[in-house]
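The structure appears right after this line, and notes come after that.
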Amino acid sequence: MTKKTSAWRNPSYLQSSTGIFLFFCAWGIWWAFYSLWLTTKLGMNNTQVGNIYSVNSLATLIIMFVYGVLQDELGIKRRLTIFISAIAALVGPFVQFIYMPLIQSHLMVGAILGSVVLSAGFMSGCSLLEAVTERYSRKFGFEYGQSRAWGSFGYAIVALVGGIVFNINPMINFWLGSAFGVGMLMVYAFWVPQEQKEELRKEADPNAEKTNPSLKEMVSVLGMPALWLLIVFMMFTNTFYTVFDQQMFPKYYADLFSTPALGTQVYGYLNSFQVFLESAMMGVVPVIMRKIGVRNSLLLGALVMFLRIGLCGVFHDPYMVSVVKLFHSIEVPLFCLPAFRYFTLHFNPKLSATLYMVGFQIASQVGQVIMSTPLGMLHDHFGDRPTFFTISFVVLAALIYGVFILKKDDQQVDGDPFYTDKQLAAQGQSAA
């Protein structure tokens with residue numbers, strides 16, 4: 001691991017941060033309004049939207065596992081990131097000329113094809129880029145949270161204008177996504193700092209010690225009981241990031257206003273502000289982890305999710321719902337950053353990409369496959385409040401489950417140990 005230097009003097013930090021910034025711009029400009037596009041522009045009901053999200057999630061969990069295995073084999077090589085960038089650069093023409101016509105004429109055919117392309121480029125691509133950035137942070141000496149914060153910052157910027165553009169023509173959102181994708185492709189294809197070139201030369205040496213895991217080691221993660229216990233926790237918590245926040249919340253929020261167009265525009269502003277706060281919290285959560293530990297940070301994230309979704313069922317005016325929505329800016333970093341650290345703490349760090357894909361992201365996608373359509377039907381038949389309360393109580397049950405199954409930071413430490421500030425201070429006193 002490289003010694004940490006000032007972020008602005010670290011070329012790998014600058015390259016990784018620029019790449020993830022452009023990716024979230026390319027994704028967020030249309031993803032934040034995807035369910036609104038399906039319902040308001042293509043006329044789908046909640047059950048049909050649930051079917052679309054289920055198919056997307058099924059494709060995502062398959063592609064995500066493949067990405068994790070391949071990236072652990074590739075190490076720091078960028079072949080997959082370049083592939084993802086190329087798809088992002090083509091999202092505009094794909095949606096306008098292939099995806100939209102197909103789902104309007106042959107819904108399931110279009111949904112299946114779209115799920116493969118959009119997942120490979122964005123839903124699975126997001127997890128892959130996060131895993132690569134986290135690996136670079138350990139290899140080249142910078143804080144992952146600081147770099148990942150630039151992704152949230154990019155998402156916030158495009159969400160600020162996305163609602164306005166969406167009201168003009170949603171296709172503009174997808175074409176802007178392509179423009180950001182081209183920039184992202186340039187970064188990952190051509191910007192290779194000297195320290196990365198040197199590391200790639202070392203890995204290419206046939207006599208060098210093999211640091212990448214074998215295929216047998218990567219597949220072996222599926223036989224870890226501790227991982228499966230964690231998967232259940234993630235399935236019934238992080239799953240609802242998409243089921244609630246993408247599938248249900250945008251239309252619910254827009255309907256709180258006098259016109260859908262006004263609601264969409266205000267949602268864009270709110271979403272942007274929330275992600276700006278999320279970006280700031282990416283720098284705060286590592287401090288929280290050092291105070292309360294990795295396990296407790298994950299449990300705190302689940303508690304915030306329970307409160308946020310439940311309170312959306314309690315309040316029905318745009319002001320209070322807007323305040324509750326901002327809880328999201330705390331929740332996302334409390335899942336994202338501690339999850340990575342949990343895997344590198346309790347499992348072999350060289351399997352971090354596979355473990356993150358399987359234990360965090362794939363678990364969430366399985367939950368979406370299982371729950372998107374039933375919850376969409378529940379939403380159609382019973383409306384907002386019963387559906388939101390149902391989801392929040394599922395999260396509460398998962399939180400209680402997590403209290404018993406998540407390992408403490410000093411249990412089964414098979415990776416890099418983690419110490420709170422209090423523990424480090426005590427160790428310093430003992431040494432003295």
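In this text the structure is predicted, and so the values were computed from the model without any measurement. Throughout, residue positions are numbered sequentially from 1 according to the sequence presented. Every heavy atom of this structure was used, including side-chain atoms; hydrogens, water molecules and symmetry mates were not.
Using a 4.5 Å cut-off on side-chain heavy atoms (C-beta onward), Y342 and L406 make contact. Side-chain contact check for L337 versus P286: some heavy-atom pair is nearer than 4.5 Å. Contact check for M289 versus F418: side-chain heavy atoms found under the 4.5 Å cut-off. Using a 4.5 Å heavy-atom threshold, the side chains of I84 and M184 count as touching. No side-chain heavy atom of F306 sits less than 4.5 Å from a side-chain heavy atom of T237. Between L176 and V158, every side-chain heavy-atom pair lies at or beyond the 4.5 Å cut-off. Using a 4.5 Å cut-off on side-chain heavy atoms (C-beta onward), L107 and I52 make contact. In this structure, M186 and L22 have side chains that are not in contact, with every pair of non-hydrogen atoms separated by 4.5 Å or more.
Neither side chain, R135 nor Q71, offers a donor N or O lying under 3.5 Å from an acceptor on the other. In this structure, a donor-acceptor pair under 3.5 Å is present between the side chains of D380 and T47. Side-chain contact check for E143 and S137: no donor-acceptor pair (N or O, by modelled atom type) lies under 3.5 Å. Between S16 and T133, the side chains place no donor N or O within less than 3.5 Å of an acceptor N or O (distance only, hydrogens not considered). For the 3.5 Å distance criterion, the side chains of T81 and R78 fail to qualify, holding no donor opposite an acceptor. Under the 3.5 Å distance criterion, with hydrogens and angles disregarded, a donor-acceptor pair is assigned to the side chains of S152 and E278.
Under the ring-ring contact (aromatic ring centres under 6.0 Å, His included) rule, W30 has a single partner from W175, F122, F166, which is F122.
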Would S35 and F249 satisfy side-chain contact (heavy atoms from CB on, under 4.5 Å), going step by step from the backbone distance to the final call? CA-CA 9 Å; S35 66; F249 186 82; over 6 Å; no
In sequence, state the C-alpha distance, the side-chain angles, and the governing distance for D409 and R295, and then conclude on salt bridge (Lys or Arg N to Asp or Glu O under 4.0 Å). CA-CA 6 Å; D409 295 354; R295 173 183 179 270; over 6 Å; no
Evaluate the side-chain contact (heavy atoms from CB on, under 4.5 Å) criterion for residues L118 and V91: first the C-alpha distance (whole Å), next the side-chain angles of each, then the deciding distance (0.1 Å), finally the verdict. CA-CA 8 Å; L118 297 180; V91 67; 4.1 Å; yes
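Note: Y267 and Y253 have tilted aromatic rings, judged against thresholds of 30 and 60 degrees for the angle between ring planes. The aromatic rings of W150 and F21 lie perpendicular to each other, with more than 60° between the two planes, well past the 30° mark. Using cut-offs of 30° and 60° on the angle between ring planes, the pair F140 and Y136 is perpendicular. Ring geometry for W31 against Y53 counts as tilted: the plane angle lies between 30° and 60°, on a 0 to 90° scale.
With hydrogens and angles ignored, the 3.5 Å screen pairs a side-chain donor or acceptor of N296 with a backbone N or O of I292.
Between F153 and F276, the gap from one ring centroid to the other is short of 6.0 Å.
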